[in-house]
Amino acid sequence: MSTPKDIFLSSHPKISPRKPLPIYWGEIDPLKRGPVIASLSKSSHRNAIGTHSGSYSVYRALAVANGTLQANHRPDFTNTSPAADIGPHPSWGDANLIVSLDPFGGLVSEIYASFYQQGYDIRPTIAVTKAHINLPEIQDAITQNRVLIDGKIVKSGGNLAVTKIAIDPVWYLPGIAHRIGVEERVLRRVLFQQTGGMFSDLVKRPELQVFLPPIGGTTVYIIGDVANISDPQKQLAVRVHDECNGSDVFGSDICTCRPYLVHGIEMCIQTAQAGGSGVILYFRKEGRALGEVTKFLVYNARKRQTGGDRPDEYFTRTECVAGVQDMRFQELMPDVLHWLGISRIDRLVSMSDLKYNAIINSGIKVCDRIPIPEDRIPADAQVEIIAKKAAGYYTPSGVPDATILAETKGRDLED
């Protein structure tokens, strides 16, 4: 069977000699900053490495390959503008505060209209909408009078009104390198190597400083008035949550992830109903960003070791399988908080030191940290909680339990 000659492409597309539009990261004026263009419509227009949609770009490739999607399709963004106003905030013009997302990513069809008229194909990386969510645990909280039906935030039937935001990652490479403490050239080379050479521009085109990585994004759920979250005079509750599909969706009882997430939502509702607002940040970082396969292998290793699942081996088993106990890089997490204009968090629903330190080191004040109530902890998650107590996260005095401190000292907790 013969193969059409036109599918034999060079390993990398030809680069037009025309210089693309520059990006001046950290410029508060979006027209001076310039649009991020990672679409494939015209190679000479591209001023960013990678492409849109993160990990979903592979599915787009499949759709193009089998003819379901035309490769030259350009979206019609009529009536897709944000359903709530976010910013601009002063942080949008600080190249040190926001390095992992495009602060103007939800407004491109409006602020870059003149570029569209010139033929540039600019895609949004942020979308803002309104929605309702309904969880059985919130129904229970209503029954137990911890959450009240007010007709605005919590409606009849337990429907919770939220503003929902989807954010795709957009990395400013010099800023990412600085944030994690490496040289930019090292970061570029290792990204190129560890992605199997998929993005040659990382090493061939140092003038391109923006990269759209093929990873999952972030979802933000805002409960209450959006305007309140950037007002330091209003109370704010925040839950920073890293994805745990087994618990969040399917109710696995080996960890406290869903119970802690629901507790965070409840705290956000209570804060919003008291005149403030609540924010849930949901990051796609399954299994501490090690992935679900690695996570399940670790589960097996923990359960099958001599003596069964033990607190003193809680983190060590992960390191044995993955080589590292955590790859979430919480240093990048506060970018979303700064994009939202947050300068103060009254109730941080988390006991993770890595999350807490990342937030306060970025300049955001945290007034109180809220642990998960004892009665919300599943039976099979007690090993996790004992390990956390050993590290000093849940003991009233904050002093670690010396009996197993040696095995857990300095390690973060997956909450």
Side-chain angles (χ1 to χ4, degrees), residues 53-56 82-84 86 98 100-102 105-106 125-138 153 160-170 213 215-224 226 229 236-252 255-269 271-272 277-292 295 326-340 342 345 347-352 354-356 358-359 364 370 372 376 412-415:
S53 302
S55 57
Y56 295 101
I86 306 291
I98 298 178
S100 62
L101 61 90
D102 177 7
T125 56
I126 297 175
V128 183
T129 191
K130 298 280 189 179
H132 290 92
I133 60 176
N134 195 310
L135 301 173
E137 292 92 339
I138 299 302
I153 295 171
L160 175 60
V162 298
T163 299
K164 187 161 61 172
I165 306 169
I167 304 174
D168 280 342
V170 178
I215 60 176
T218 305
T219 307
V220 181
Y221 291 84
I222 299 175
I223 300 169
V226 173
I229 62 179
L236 180 66
V238 172
R239 167 66 185 167
V240 177
H241 192 91
D242 295 312
E243 179 181 30
C244 178
N245 183 63
S247 179
D248 297 342
V249 179
F250 293 101
S252 170
C255 64
T256 60
C257 293
R258 180 180 172 99
Y260 220 148
L261 174 61
V262 172
H263 182 52
I265 294 173
E266 190 174 319
M267 293 296 99
C268 288
I269 295 172
T271 305
S277 289
V279 174
I280 303 292
L281 302 184
Y282 194 91
F283 291 88
R284 296 316 192 283
K285 297 178 181 177
E286 178 68 59
R288 302 192 195 121
L290 302 172
E292 202 164 34
K295 182 178 183 177
D326 195 313
M327 292 196 308
R328 287 176 288 183
F329 284 94
Q330 300 292 2
E331 298 92 336
L332 303 178
M333 171 267 294
D335 287 24
V336 182
L337 297 171
H338 287 292
W339 176 72
L340 291 168
I342 293 172
I345 297 172
R347 309 166 88 184
L348 177 63
V349 191
S350 171
M351 298 303 289
S352 164
L354 284 183
K355 293 176 183 177
Y356 171 74
I359 291 170
I364 297 173
I370 310 297
I372 185 173
R376 310 283 182 91
D412 185 37
L413 309 173
E414 185 178 12
D415 72 1

Quick one: are [X] and [Y] in side-chain contact, heavy atoms under 4.5 Å?
{"X": "Val238", "Y": "Val349", "answer": "no"}
{"X": "Thr125", "Y": "Ile167", "answer": "no"}
{"X": "Ile223", "Y": "Val279", "answer": "no"}
{"X": "Tyr260", "Y": "Met351", "answer": "yes"}
{"X": "Pro169", "Y": "Pro213", "answer": "yes"}
{"X": "Ile370", "Y": "Leu348", "answer": "no"}

So, using salt bridge (Lys or Arg N to Asp or Glu O under 4.0 Å) as the criterion, who are the partners of [X] when residues are at least two apart?
{"X": "Asp335", "answer": "Arg179"}
{"X": "Arg347", "answer": "none"}
{"X": "Glu137", "answer": "Arg258"}

If you compare all heavy atoms of [X] against all heavy atoms of [Y], which two are closest, and at what distance to 0.1 Å?
{"X": "Ser247", "Y": "Cys255", "value": "CB-SG, 3.6 Å"}
{"X": "Ala358", "Y": "Gln330", "value": "CB-O, 3.3 Å"}
{"X": "Ile265", "Y": "Ile138", "value": "CG2-CD1, 4.0 Å"}
{"X": "Thr271", "Y": "Met267", "value": "OG1-O, 2.8 Å"}
{"X": "Phe329", "Y": "Lys285", "value": "O-NZ, 4.2 Å"}

For [X], give me all partners under side chain to side chain contact (heavy atoms under 4.5 Å, CB included), at least two apart in sequence or on another chain.
{"X": "Ala84", "answer": "Val128, Lys130, Thr163, Val226"}
{"X": "Arg376", "answer": "Arg146, Pro259, His263, Glu266, Ile372, Pro373"}
{"X": "Asn134", "answer": "Gln139, Asn159"}

If you round to the nearest 0.5 Å, how far is [atom2] of [Y] from [atom1] of [X]?
{"X": "Cys257", "Y": "His241", "atom1": "SG", "atom2": "NE2", "answer": "5.0 Å"}
{"X": "Cys268", "Y": "Leu236", "atom1": "SG", "atom2": "CG", "answer": "7.5 Å"}
{"X": "Ile345", "Y": "Ile359", "atom1": "CD1", "atom2": "CD1", "answer": "4.5 Å"}
{"X": "Leu160", "Y": "Ile269", "atom1": "CG", "atom2": "CD1", "answer": "4.5 Å"}
{"X": "Asp168", "Y": "Thr218", "atom1": "CG", "atom2": "OG1", "answer": "9.0 Å"}
{"X": "Ile126", "Y": "Ile86", "atom1": "CD1", "atom2": "CD1", "answer": "9.0 Å"}

(request) Evaluate the criterion side-chain contact (heavy atoms from CB on, under 4.5 Å) for residue pair Ile165 and Trp339; output intermediate values, then yes/no. (result) CA-CA 12 Å; Ile165 306 169; Trp339 176 72; 3.9 Å; yes
(request) May I have the step-by-step check of side-chain contact (heavy atoms from CB on, under 4.5 Å) for Ile229 and Ser277, ending in yes or no? (result) CA-CA 6 Å; Ile229 62 179; Ser277 289; 3.6 Å; yes
(request) With Asp242 as reference, evaluate Lys355, Glu286, Arg288, Met333 under the side-chain contact (heavy atoms from CB on, under 4.5 Å) test and give the passing residue. (result) Lys355
(message) Under a 3.5 Å threshold, yes or no: a donor from one side chain and an acceptor from the other, between Arg284 and Ser55?
(response)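 Side-chain D/A pair, Arg284 to Ser55: absent.
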(request) Return yes if a side-chain donor-acceptor contact under 3.5 Å exists between Asp248 and Tyr282, otherwise no. (result) yes
(request) Verify side-chain contact (heavy atoms from CB on, under 4.5 Å) between Ile222 and Val162, making sure each step is shown before the conclusion. (result) CA-CA 5 Å; Ile222 299 175; Val162 298; over 6 Å; no
(request) Check the pair Tyr221, Thr219 against side-chain contact (heavy atoms from CB on, under 4.5 Å), reporting the backbone distance first and the verdict last. (result) CA-CA 7 Å; Tyr221 291 84; Thr219 307; 3.4 Å; yes
